[in-house]
Peer 1: 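Dropping a structure here in structure tokens format, bear with me for questions.
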Amino acid sequence: MDSYVVFIVYAVILLVCSMAGAYLPRIGHLGEKHAQLLIALSAGIFLGLLFLMLLPEALEETEHGGFDAHYAMYAILGGFALILVIDFFVRGDCAEGHSHNIASFSSMAGLSVHAVCDGMALAATFLAGEEVGLIATLGMCIHKFVVLFSLSSSMLVSHEDKSKVLKRLFGFSLITPIAGILFMLFFNGIEIDQYSGLPLSFAAGTFMYVAIAHMLPDALHEGRDKKTIVMIIAGILLMLAISLLFPHHH
């Protein structure tokens with residue numbers, strides 16, 4: 001199946017999982033502890049995916065194209081630094097904890113940039129192969145489910161019309177899938193034979209920022225809970241097992 005079609009299917013699944021998280025507080029309850037454990041698991045999955053699959057793939061593709069590994073490092077650092085700068089200037093109130101209060105414009109702008117970063121990171125994984133993209137999508141589904149659950153829960157106490165709230169959450173949920181599709185088109189557009197390792201390295205740098213600067217702090221922001229650390233390690237070990245049992249081949 002064409003990689004674009006596969007990516008669009010995964011993007012739709014991601015949207016469905018996001019809206020499931022947004023709708024759940026209206027019909028049930030997910031305990032804060034359980035939500036935190038899901039965040040920790042997804043953070044571990046992303047860290048494992050980054051270090052065990054994406055970065056090795058980026059280095060291998062760069063060297064396969066005849067470039068020194070240092071060029072891959074430059075591209076990785078460039079991707080990381082670009083998203084760092086963008087996130088710093090527009091994240092606004094999101095820097096103060098992780099309340100996910102989207103009532104203010106600055107908070108919404110910050111969360112939206114996070115969502116765009118997620119889309120770029122997801123697109124990056126597909127440059128390393130559809131199987132890597134599938135694993136990343138599963139991790140992203142967990143992440144987005146919890147984020148949208150948190151957003152929706154915080155807005156239950158507001159006086160806004162509930163249908164308007166869900167429409168806003170739906171619009172927010174669309175950001176990552178749409179950004180992912182656009183970056184997928186962009187990265188594939190510049191993927192030319194021996195140069196393919198460089199855009200993959202750059203994209204891996206954006207993924208690194210999402211994993212380390214967004215997801216890991218999300219997992220740890222509640223404090224020194226041993227269960228949180230266990231779930232992060234469990235996510236990493238899961239990715240280690242997958243990489244050993246199903247090694248990626250070109």
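We count residues from 1, following the sequence as given.
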Peer 1: Within this structure, what is the CD-OG1 distance for the pair Glu57 and Thr125, rounded to the nearest 0.5 Å?
Peer 2: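 Rounded to the nearest 0.5 Å, the CD-OG1 separation comes to 11.0 Å.
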
Peer 1: What about Ile142 and Leu237, same hydrophobic cluster or not, with Ile/Leu/Val/Met/Phe/Trp/Tyr joined at side-chain heavy-atom distances under 4.5 Å?
Peer 2: yes

Peer 1: How would you list all residue pairs meeting salt bridge (Lys or Arg N to Asp or Glu O under 4.0 Å) that involve residues 5-17, not counting sequence neighbours?
Peer 2: none

Peer 1: So, using side chain to side chain contact (heavy atoms under 4.5 Å, CB included) as the criterion, who are the partners of Lys227 when residues are at least two apart?
Peer 2: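 With neighbours one apart ignored, the set is Leu37, Asp225.
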
Peer 1: Taking the side chain as every heavy atom from C-beta outward, state whether Leu220 and Ile229 have any atom pair closer than 4.5 Å.
Peer 2: yes

Peer 1: Tell me, which pairs form a salt bridge (Lys or Arg N to Asp or Glu O under 4.0 Å) where one or both residues lie in residues 169-180, sequence neighbours left out?
Peer 2: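 Qualifying pairs: none.
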
Peer 1: How would you list all residue pairs meeting side chain to side chain donor-acceptor pair (under 3.5 Å) that involve residues 174-185, not counting sequence neighbours?
Peer 2: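 Every pair satisfying side chain to side chain donor-acceptor pair (under 3.5 Å) with a residue in residues 174-185: Lys144-Thr176.
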
Peer 1: Please find the pair of heavy atoms, one from Ala72 and one from Ala58, that lie closest to each other, and give the distance.
Peer 2: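 For Ala72 versus Ala58, the nearest heavy atoms are CB-O, 4.5 Å.
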
Peer 1: Here's a test for you: under side-chain contact (heavy atoms from CB on, under 4.5 Å), which of Ile242, Leu240, Ile236 qualifies with Leu238?
Peer 2: Ile242

Peer 1: Can you get from Met120 to Tyr4 by hopping between Ile, Leu, Val, Met, Phe, Trp and Tyr side chains that sit under 4.5 Å apart?
Peer 2: yes

Peer 1: Would you sort out whether Tyr23 and Leu148 count as a side chain to side chain contact (heavy atoms under 4.5 Å, CB included), showing the intermediate values?
Peer 2: CA-CA 9 Å; Tyr23 194 70; Leu148 268 295; over 6 Å; no

Peer 1: Heavy atoms, side chains only, cut-off 4.5 Å: are Phe7 and Leu122 in contact?
Peer 2: yes

Peer 1: As an exercise, state the distance from CE of Met73 to CG of Leu55, rounded to the nearest 0.5 Å.
Peer 2: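 That separation rounds to 6.5 Å.
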
Peer 1: Please give me the minimum heavy-atom distance between Ala219 and Ile232, naming the atom from each residue.
Peer 2: CB-CD1, 4.0 Å

Peer 1: Phe170: which other cluster members, linking ILVMFWY side chains closer than 4.5 Å, directly or transitively?
Peer 2: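 Reading the cluster by chain and number, Phe170 sits alongside Leu15, Met19, Leu174, Ile178, Leu182.
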
Peer 1: Can you name the ring-ring contact (aromatic ring centres under 6.0 Å, His included) partners of Tyr10, sequence neighbours left out?
Peer 2: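 Checked Tyr10 against ring-ring contact (aromatic ring centres under 6.0 Å, His included); matches are Phe126.
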
Peer 1: Using residues 41-53 as the side-chain source, report each donor-acceptor pair under 3.5 Å to any protein atom, sequence neighbours left out, with the distance given to one decimal.
Peer 2:
unit_1, atom_1, unit_2, atom_2, d
Ser42, OG, Leu38, O, 3.4
Ser42, OG, Ile39, O, 2.8

Peer 1: Can you give each donor-acceptor pair under 3.5 Å made by side-chain atoms of residues 74-83, sequence neighbours left out, with the distance rounded to 0.1 Å?
Peer 2:
none

Peer 1: Listed by chain and number, what are the side chain to side chain contact (heavy atoms under 4.5 Å, CB included) partners of Ala69, not counting sequence neighbours?
Peer 2: Leu59, Glu63

Peer 1: Quick one: pull up NZ in Lys164 and NZ in Lys167 and give me the separation to the nearest 0.5 Å.
Peer 2: 8.0 Å

Peer 1: The criterion is side chain to side chain contact (heavy atoms under 4.5 Å, CB included); which residues satisfy it with Cys17, sequence neighbours excluded?
Peer 2: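 Expected list: Ile13, Cys141.
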
Peer 1: Distance check, rounded to the nearest 0.5 Å: Leu14 atom CG versus His143 atom NE2?
Peer 2: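 Reported to 0.5 Å precision, the distance equals 9.5 Å.
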
Peer 1: I need the Tyr209 OH to Asp118 CG distance, nearest 0.5 Å.
Peer 2: 11.0 Å

